[in-house]
Each structure stands twice: as structure tokens, then as C-alpha cells.
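This report refers to the structure that appears directly beneath it.
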Amino acid sequence: MNQPGNFPISRREFLVRTALGTGALATGLAASNPGAKSQGPDIVVFSKIYQSLKLDYSASAELTAQAGMQGVDAAVRPGGEVLPERVKDDLPRYVEALQKHGLKMPMITTAITGPEEPHTEAVLTTAKKLGIRYYRLGAINPSQDLPKPELIRRVRERFARLAVMNREIGITAMLQNHSPSGRSTYLGGDLDDMRQVLDGFDPAEIGAAFDIGHALAVHGKAWREKFAHVQKHLRVAYAKDWKPGAGWVAMGEGDILGTGYFDDLKRMRYSAPVSLHIEHDWDDKGASKTREQLTKVLRADTAVLRKWLA
């Protein structure tokens, strides 16, 4: 019964009001499965790289299988492999192409930053029906005209509404820590900012996609202390190698192995998929941009990552 002076509110409004304050500790990393396979977590490729060769879904699936990976993290966003306005038709086609090779699509990468945006609900409900568990949130670029505390406050309000939608659909959003690129900066690239954005949210609704390469690029050796404050939000690990002075390099040629991060994942019994990103110069600045070369590079990077995860 409502107390005098109180007014009934809808279930959705109640959840929005409480989303910021009720965030449970991680209900176990997606990661805490004691029965994980001995070779380690599945490795999937962030398939934005396939767009450079204009591969269709069938060719993308075939290349993924040839490279020895278990699936893809597909770009479902404007300009991506799957356009949001076509998600109901095209995302099932992509998943079907993967399934023909025994592959999966456990996650997607989107431009979604709030529930009110066009196609948000269509993207998320379609993904859920196809068994997709995670989606990366779109980039949020800080404005010079808006103080960061106010930006974070507004983003958290938007995420609170999105958390309600995620809970009702049964899917997890992830904020990535992304280092500055060119003139662009990204909210969450600094792990202190990520902590402020995610604090209090249930990681099953709004979690983190942690990228050790970007963390090194932003924080250097201080990454571990910063990561300790967002570790409970971790849902999915991203992997690409970074070397100071050189930037993105092939797996094994940079510094991420020396951080001990992959040993940390084992201690955490991490078993969610790992998304492999290809940002290094894989095609000799375009001179070797062929399907054969990309297959070779993906196979090599996957083999190194598999060794680290095993």
C-alpha cells in the first residue's frame, strides 16, 4: 500500500531510479565457469577488419574458420557490416553463415549510447534472439563546452535508462576503455573516468570491455592500480598488442604479455570470449591487402593469443 503523500510509479520508472544505486558486485565474471575448456576461452575477431576487404558474411565466416578462431564480434552500427536499420534481416544471415562453419557470434559492437536512439531496441532484441550475450556501447566524445563531471552525470542517467532495457531483454552493455585516436578522445579511456561512469551499475547490465592495449597506451605501468577499481565490472576482454614508440603491433611484438594481465585472467577463471582486434599494419600499408594475407595474420595473432590464454 502507498503511504500518504507517496504516488505509485511504473515498474520501468522504479528500475530507472534504482539502477544507479543498486549495482551488485559482478555476478561472477561471465568468466567464472570452472568447466572452461583446457585451451582457454574462445577467441573471436572484431570483424571490422573484414570490411577492408569488403567480405560478405559467407566469406567472413570461412576466413574466421580458416584462421582458427571460434567466431566474430560483428560491427552492427552505421557503416558497419550490419546496418542498424537492417538488423532484423541481416544479423540472422550473418549468424547463419557462421553456424555453417561451427562458429559463434557471442557479442556485437554498436553505436548505442542510450535506449531512445533509433534502432536500439531492434538491435538488442534481435541480438538476444540470436543468442548474443554482449554488446559494446558506442563512443562518447567529451565536449570542450561541458565539464567532465557534468558529462559523466548525464551519461550515467542515460545508462540508467539503458540498464533497464538491458535487464528486460537479458543482454549486457559494455563500455570500452579506448585511448585517444587522432583528435578524438573517448569517455572511459581513462580508467578513473570509467570507474565513475560504471560505479553502482550491475555489471550484468552495464559492464566493461577491458582492453589491456589501450590501458597501457593511456596509463603505462599505472594501468594495474587503475584496473583494480574497475575489475569487478569486467565482462569481456579485448586483445591487441601495444609497444611504446611503435603503437599497435602484431601479437607478441609489444608489451602486453609482460604486464601479467593474462595470468590475472586465469586467476580470475575468466572464460568469456576474448575479442581479438587487428589495428597493426597487417598489409604493409595496403601493398599486401589480400584475403590470403589477412588469413595468415589472423592465424598468427590467434596462435600467440591462444598460447597466452591456455
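Just so we're clear, the structure is a prediction, and the values are computed from it rather than from any experiment. Position 1 is the first residue of the sequence, and the numbers go up from there.
- Using a distance-only test at 3.5 Å, with no hydrogens or angles considered, no donor-acceptor pair links the side chain of E205 to the main chain of R167.
- Not one N or O on the side chain of D284 forms a donor-acceptor pair closer than 3.5 Å with the backbone of S288.
- H280 has its side chain within reach of I278: a pair of non-hydrogen atoms, C-beta onward, lies under 4.5 Å apart.
- For the side-chain contact (heavy atoms from CB on, under 4.5 Å) test, no residue two or more places apart in sequence or in another chain qualifies with A300.
- A donor-acceptor distance shorter than 3.5 angstrom exists from the side chain of T64 to the backbone of S60, with no hydrogens or angles considered.
- In this structure, the side chain of T120 engages the main chain of G114 through a donor-acceptor pair within 3.5 Å.
- By the side chain to side chain donor-acceptor pair (under 3.5 Å) test, D192 is found to be paired with K226, residues two or more places apart in sequence or in another chain being considered.
- With N141 contributing its side chain and T185 its backbone, the two residues share a donor-acceptor pair below 3.5 Å.
- Distance alone, capped at 3.5 Å, is enough to place a donor-acceptor pair between the R156 side chain and the D199 backbone.
- At distances below 3.5 Å, not a single donor-acceptor pair connects side-chain atoms of R195 with backbone N or O atoms of A228.
- Residue pairs that meet the salt bridge (charged side-chain N to carboxylate O under 4.0 Å, His left out) test with at least one member in residues 297-310, sequence neighbours left out, do not exist here.
- Pairs engaging residues 283-310 under the ring pair (Phe, Tyr, Trp, His ring centres under 6.0 Å) rule: F262-W308 [sequence neighbours left out].
- The side chain to side chain donor-acceptor pair (under 3.5 Å) test applied to E117 returns T113, not counting sequence neighbours.
- The list of ring pair (Phe, Tyr, Trp, His ring centres under 6.0 Å) pairs with a residue in residues 64-84, not counting sequence neighbours, is empty.
- With sequence neighbours excluded, no residue satisfies side chain to side chain donor-acceptor pair (under 3.5 Å) with R183.
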Show me, pair by pair, the donor-acceptor contacts under 3.5 angstrom made by side chains of residues 237-245, not counting sequence neighbours?
| from | atom 1 | to | atom 2 | distance (Å) |
| --- | --- | --- | --- | --- |
| Y238 | OH | R136 | NE | 3.4 |
| K240 | NZ | D211 | OD2 | 2.4 |
| K240 | NZ | H214 | NE2 | 3.4 |
| D241 | OD1 | D255 | N | 3.2 |
| D241 | OD1 | I256 | N | 3.2 |
| D241 | OD2 | G252 | N | 2.8 |
| D241 | OD2 | E253 | N | 3.4 |
| D241 | OD2 | G254 | N | 3.0 |

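- Side-chain atoms of T302 never come within 3.5 Å of backbone atoms of M69 as a donor-acceptor pair (strictly under, hydrogens ignored).
- Sequence neighbours left out, the pairs with a member in residues 63-105 that pass ring pair (Phe, Tyr, Trp, His ring centres under 6.0 Å) are Y57-Y94.
- Panel note: side chain D283, backbone K289; no donor-acceptor pair is recorded below 3.5 Å.
- Residue pairs satisfying the salt bridge (charged side-chain N to carboxylate O under 4.0 Å, His left out) criterion with at least one member in residues 61-86, sequence neighbours excluded, are listed as follows: E62-R291, R86-D90.
- Under the side-chain contact (heavy atoms from CB on, under 4.5 Å) criterion, A139 pairs with Y186, not counting sequence neighbours.
- No side-chain donor-acceptor contact under 3.5 Å links S181 to the backbone of S184.
- Within a 6.0 Å radius of NZ in K88, other residues, nucleotides and ligands contribute 12 heavy atoms or fewer.
- Here salt bridge (charged side-chain N to carboxylate O under 4.0 Å, His left out) pairs that include residues 140-155, with residues two or more places apart or in two chains, are K148-D193, E150-R153, E150-R154, R153-E157.
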